[in-house]
Amino acid sequence: QKEVEQNSGPLSVPEGAIASLNCTYSDRVSQSFFWYRQYSGKSPELIMSIYSNGDKEDGRFTAQLNKASQYVSLLIRDSQPSDSATYLCAVLTYNAGNMLTFGGGTRLMVKP
Amino acid sequence: GAGVSQTPSNKVTEKGKYVELRCDPISGHTALYWYRQSLGQGPEFLIYFQGTGAADDSGLPNDRFFAVRPEGSVSTLKIQRTERGDSAVYLCASSLNIQETQYFGPGTRLLVL
């Protein structure tokens, strides 16, 4: 059974700090990795996607993938109170269906 | 352009009743997915369509759940004989094609009393 694990948090960081969110996955052949942000009472919103080992940067967000360690992370630089939300890690494995397998999410709190 | 839309946004029903939840994907997206999210958990896969056919329905919890997409666009998730445990947010997502990024609709919050 495919599993995606995240620390549920809450992760509390001061405004302006770097928030580091982590995710591990069990299926070694997983190919695509996504970070979604979900505000309370809202649906998941795509933040980043990453497909190959290394770092991918988009504005204040950096996704990091290490397939050997089956580990993906999301860094948020200069954290803002508006970044306070639950961050969901999702994994797509092509040869085992085309559905996303989600972790339970990490709740991030950015304190002013 | 318009995103994924879902109706109704909220649905309250009584145990044993039948409900239908509708999803209208992003125009031109061929793949459509249904997920269910319980409080404090990540979304869980139910079923996905590529075109009109259900390509994978392995996530449907039992035979009370059924989904259709007759014209390859709008999809309806149908739940018969609802149970209190069916209460959750039902999320629909679409992607341009399978293996592409999935974009989520606002969800339908179902409450079974």
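Because the structure is predicted, anything quoted here is derived from the model rather than measured. We name chains A, B, ... by the order of the sequence lines, and we start the count at 1 in each one.
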| task | Given side chain to side chain donor-acceptor pair (under 3.5 Å), test Gln31(A) with Gln99(B) step by step and report yes or no. | result | CA-CA 10 Å; Gln31(A) 286 105 339; Gln99(B) 302 174 3; over 6 Å; no
| Trace of the ring-ring contact (aromatic ring centres under 6.0 Å, His included) decision for Phe104(B) with Tyr36(A) | CA-CA 10 Å; Phe104(B) 284 83; Tyr36(A) 286 85; 5.4 Å; yes
| task | Please assess Tyr48(B) against Asn98(A) for the test side chain to side chain contact (heavy atoms under 4.5 Å, CB included), listing each intermediate value before the final yes or no. | result | CA-CA 8 Å; Tyr48(B) 91 90; Asn98(A) 292 293; 2.8 Å; yes
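Within the 3.5 Å criterion, the main-chain N or O of Leu100(A) finds a donor-acceptor partner in the side chain of Tyr35(B).
Contact of Gln102(B) with chain A is made through backbone and side chain together, with heavy-atom distances under 4.5 Å. For chain B, the nearby part of Tyr51(A) is the side chain; its heavy atoms alone come within less than 4.5 Å. In this structure, chain B has a heavy atom under 4.5 Å from the side chain of Gln38(A), while its backbone stays farther away.
Counting heavy-atom pairs under 4.5 Å between each of Ser58(B), Pro43(B), Gly105(B), Gly42(B) and chain A puts Pro43(B) at the top. Chosen from Gly105(A), Pro44(A), Ala90(A), the residue pairing most often with chain B at heavy-atom distances under 4.5 Å is Pro44(A). For the set Ala55(B), Gly107(B), Pro106(B), Gly59(B), the entry with the most heavy-atom pairs within less than 4.5 Å of chain A is Pro106(B).
One finds the CG atom of Leu92(A) at 10.0 Å from the CD atom of Glu100(B) (value rounded to the nearest 0.5 Å). Separation of atoms CE (Met48(A)) and OG1 (Thr101(B)) is listed at 11.5 Å; rounding is to 0.5 Å. Expressed to the nearest 0.5 Å, how far OG of Ser43(A) lies from CD of Gln6(B) amounts to 7.5 Å.
When the side chains of ILVMFWY residues are joined at heavy-atom separations under 4.5 Å, either directly or via intervening members, Leu88(A) and Met109(A) end up in two distinct hydrophobic clusters. Cluster membership for Phe49(B) and Met99(A), using ILVMFWY side-chain heavy atoms within less than 4.5 angstrom, is not shared. Transitive grouping of hydrophobic side chains (ILVMFWY, heavy atoms separated by less than 4.5 Å) brings Val72(A) and Tyr87(A) into a common cluster. Hydrophobic clustering (side-chain heavy atoms under 4.5 Å, transitive across Ile, Leu, Val, Met, Phe, Trp, Tyr) groups Ile76(A) together with Leu65(A). With hydrophobic clusters built from ILVMFWY side chains whose heavy atoms lie under 4.5 angstrom apart, Tyr33(B) does not share a cluster with Leu110(B).
Under a cut-off of 6.0 angstrom, the local environment of CZ in Arg107(A) is sparse, with at most 12 non-hydrogen atoms contributed by other residues, nucleotides or ligands. Counting non-hydrogen atoms of other residues, nucleotides and ligands closer than 6.0 Å to CD of Gln50(B) gives a total above 12. Within 6.0 Å of atom CG in Leu39(B), 12 or fewer heavy atoms from other residues, nucleotides or ligands are found, so the atom counts as exposed in its surroundings.
Residues passing the side-chain contact (heavy atoms from CB on, under 4.5 Å) test with Thr82(B), sequence neighbours excluded: Thr13(B), Lys17(B), Val19(B), Ile79(B), Asp86(B), Val112(B).
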